[in-house]
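Heads up, the thing below is written out as structure tokens.
Nothing fancy with the numbering, it's 1 onward along the sequence. Computed from a prediction, not measured in an experiment: that's the story for all the values here.
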Amino acid sequence: MARSRSGLNPHAAVFVPGGGRSAQRADAGRCAADAEQQQQQSAAEPFALRELPVEMLSAIVAGLSTDGAPADVVAVLLASRGLAAAARGARVSLRVTPAQRATLCNPAHAARLDELVAGVVKHLPGTARLDLRGLPLEGRHVAALAAGLGALEVADLAGCKKLQPRDVAAALSGGGGLAREAEARRSALACVSLQRCFQLDARCLSDLVAASCGASALQCVALSHLDLLAWPNAAAGGGATAGGGGAAAAAALLCAAQRFARAALVRLPTPLAPPLAAGAAGGLRVAVLNNCQLSAEGLLALAAACPQLELLLIGGSTLSVPWRPAGAPGAAAEPPSADAGSDGGDGSSGSGGGGGSGGGGGAPAAAGGAELPPALQQLADALQLPEVLAWEQLSSCCTGGDDRPGPCGLGPCACCGGDAAAGAGPPAPRSGRPRRGLLLEREAANSRVQRQLLQRSEPSPAALAAARGTALALACAAALLPRLAVLEVTFLPPGVAGWLRAALPRLAALRRGGEAASPAAAPPPPRVWDFSCAAAVADALERRAGAGAGAGSGGARLHPACVELALRCAVNCSNRGRSTPLHLAAAGGCAAHARALLRAGAAPDARDASGATPLFAAAEAGRGAAVRALLAGGAEPLLRNTAGEAPLYIAALRGHVGVVEALLRHLAAAGTDWLHPARYGDAWTPLMAAAVANRVDVAACLLRAAGGAGGVSRLLSAGNRYGQTALHVAARKGCEQFLGLLLRHGAAAVAGRVLDAAGDTPADVARKAGHDAAARQLLAARC
């Protein structure tokens, strides 16, 4: 039989069909000779990539886009017509890089955004994943992508702030890649993120729930900053559009879910099971609603409309519970303010039960004598949930759903205690301080850290009662979700997570007909995630690693990107002060917690209400280990807050010499010029900050890092907006040791010729401030 050569690999060894092992051994010498001859020929002849099958070329192009960067894919498109044809069928993943985003967000380059969308639709219609976060997309762009990308599975449009509710509705009903009716070609879209699209409203959630009905592949939606207090009634949720008869079916679904939710708050439904048939309900399995305003009725309606939910992530949201005035069972109390649910101020303290106050759920339970809605009280009775639990139980964030201790086996957030204490370290020594004083100060600092971690401030009884009501509302929703595996409540009021960990095991036992009082006999209850604790982040990362490995509940496989996208959105939720879990981990000094959050997708340069990044929070608190972890995770070391303070400046001002050294090493490795005064607010350099705090050790570190004489001269001669140099600042403080350090490094050359805005030399400043010894020291240096 004639020999044939494989069409997939021009350099494959000759294969003889039907030949046995003996024949192969007999032909071994001949095959080796043929192979050597082929290698000699291949050295002279280039490999013809275009001769490969189109399917293989498409797979190669898809492999080039595994990191999402489009540069290699564009190079393939420009190489030849054959490769361009292969790219059109490739399942590529595309994302916009930060540099490209900066260009496309520039109004002067608006035409480039149009070209990008048109190019993706024309040349890469097989795109499977699209990450266009932060771009100024408009409705026409989304419509073009919806119509042209029929194979799109993951669409991340977070931060596209120009999108309107009608744009999403049109894309979902336009028969494009984002949604089609059951009789049309089934949409491939499984995950969509529309977080931080601030012009969207409650209709968007209705549209997405409706789009998940029937044969839709949509499994995961991520939204944020929506007012859902009135959802899903006609005023807030009447925008559900699925096209044709689908619109009527979607409206009927939401109306039925709302009727059920209202009845469920009056009388606890029995049995505790989804009220709607699976075929008539939405198919969502992951819902992310961060920093939204939720109501108990809306939450129950969502559970009724989407009974297949497996992950419900509501970090940073508020939850309004309709408390009833005492003695008036038919009337609801006035919705409480967000402040009523927590004594934690803006929530930045990171209490173990909720990591701070995202607001919501507060009620006049103890103060005003209000009562829970009848159904929630019935649920509390059925679960035999105590009226009061010790704060130590409620704030223990290191326990799992089965009440086992966390990895450390200690109390609330104690898993972070070692890293926090190590990250804080001893305060940087001032010049001339006795060693015994340093040791005592080290012990005092470590004891302060331990007290802060282990002795959380206990909320008032009214706040704990309000947290119990919020947890019961969440448990009632969980009762309607038999497949629920995770409930995330980061930044809900302190105690909510603790109450949930007490209630959910009892609920699992009650559903199975067991004794509510013996949760140990119940199946594993849903996990409660609070990302202000490292143990919850580790659990989330473990779930993400196992996502998509097998079939989910009911045999349907959860798309691998669902957990990844949902987790990335959830770890970036924020409290009322706009602090994220990464801010709390950084300020607390837990490097392991910070690294886990970064792996989960936390934004390293997220800003709180004051403009501070997590790196700034860690630098201000002197958390060296956390600073190093954030720098390794991509944090920008010179971003300033609204007051113009950079991490290096605040670390120098606070005297954290270890943090200053870590930042300087990173800046030197990156080749960043940190000496320029324009990098700091009002041109107050880190050396001036060290002068204000009289930190001789920090100043010495800065002068060493400045490099040679040229760098030191730049640092010493730099003036702030008032014309003051570091020598002027030190003279005003009268710091003789600090002045001596600067003079030894060459400041004497500028001591007499540099004048501030008032026309004073450093010696004049010292004399006017009453520091005669410092003035004499400066005058002597001039001589």
Side-chain angles (χ1 to χ4, degrees), residues 63 66-68 91 93 128-129 131 153-154 156 188-193 212 217-222 283-290 306-315 397-408 415 478 481-490 497 500-501 504-505 508 522-573 581-582 585 592-602 633:
T66 51
D67 64 346
R91 297 171 58 81
S93 300
R129 299 192 181 194
D131 184 351
E153 297 178 357
V154 180
D156 194 344
L189 188 75
C191 312
V192 59
S193 173
S212 70
L218 188 59
Q219 295 180 337
C220 171
V221 299
L284 291 181
R285 296 171 63 181
V286 180
V288 186
L289 300 173
N290 294 138
C306 302
Q308 299 184 54
L309 280 178
E310 298 176 24
L311 282 77
L312 180 58
L313 314 178
I314 59 172
C397 66
C398 293
T399 58
D402 52 3
D403 286 335
R404 292 178 302 173
C408 59
C415 60
L481 300 171
R483 300 178 181 177
L484 187 66
V486 170
L487 183 58
E488 183 259 328
V489 292
T490 308
L500 281 172
R501 294 188 181 104
L504 292 181
R527 303 288 295 180
V528 179
W529 286 351
D530 177 358
F531 291 139
S532 64
C533 178
V537 186
D539 187 29
L541 289 172
E542 183 178 352
R543 177 170 291 273
R544 185 184 69 176
S553 303
R557 181 176 178 178
L558 185 65
H559 194 284
C562 287
V563 178
E564 177 185 355
L565 183 142
L567 182 56
R568 185 177 72 240
C569 293
V571 296
N572 286 296
C573 70
L582 190 57
H593 190 184
R595 284 191 292 267
L597 287 167
L598 290 168
R599 288 198 302 272

Inter-residue atom distance His559.NE2 - Glu153.CD, 0.5 Å rounding: 4.0 Å
Could you tell me the separation between the CZ atom of Arg285 and the CG atom of Leu309, rounded to the nearest 0.5 Å? 10.0 Å
Shortest non-hydrogen separation from [X] to [Y] and the atoms involved:
X: Cys220; Y: Leu284; answer: N-CD2, 4.3 Å
X: Val528; Y: Leu500; answer: CG2-CB, 4.0 Å
X: Leu597; Y: Val537; answer: CD2-CG2, 3.6 Å
X: Asn290; Y: Cys569; answer: OD1-O, 3.2 Å
X: Pro526; Y: Leu504; answer: O-CD1, 3.9 Å
X: Cys573; Y: Glu488; answer: SG-OE2, 4.3 Å

So do [Y] and [X] actually touch side chain to side chain, heavy atoms under 4.5 Å?
X: Leu487; Y: Arg527; value: no
X: Leu541; Y: Leu567; value: yes
X: Leu312; Y: Leu484; value: yes
X: Trp529; Y: Arg543; value: yes
X: Cys562; Y: Cys191; value: yes
X: Leu558; Y: Val286; value: yes

Check: Asp156 side chain, Leu565 main-chain N or O, donor-acceptor pair, under 3.5 Å: no
Any donor and acceptor pair, going by atom type alone, linking the side chain of Ser212 with main-chain N or O of Gly283 inside 3.5 Å? yes
I'd like to know if Glu310 and Arg483 make a salt bridge, using a cut-off of under 4.0 Å between side-chain N and carboxylate O. no
Should Leu218 and Val192 be marked as a side chain to side chain contact (heavy atoms under 4.5 Å, CB included) after you check the CA-CA gap, both sets of side-chain angles, and the distance that decides it? CA-CA 8 Å; Leu218 188 59; Val192 59; 4.0 Å; yes
Exactly one of Asn572, Thr490, Leu582 should register a side chain to side chain contact (heavy atoms under 4.5 Å, CB included) with Phe531. Which one does? Thr490
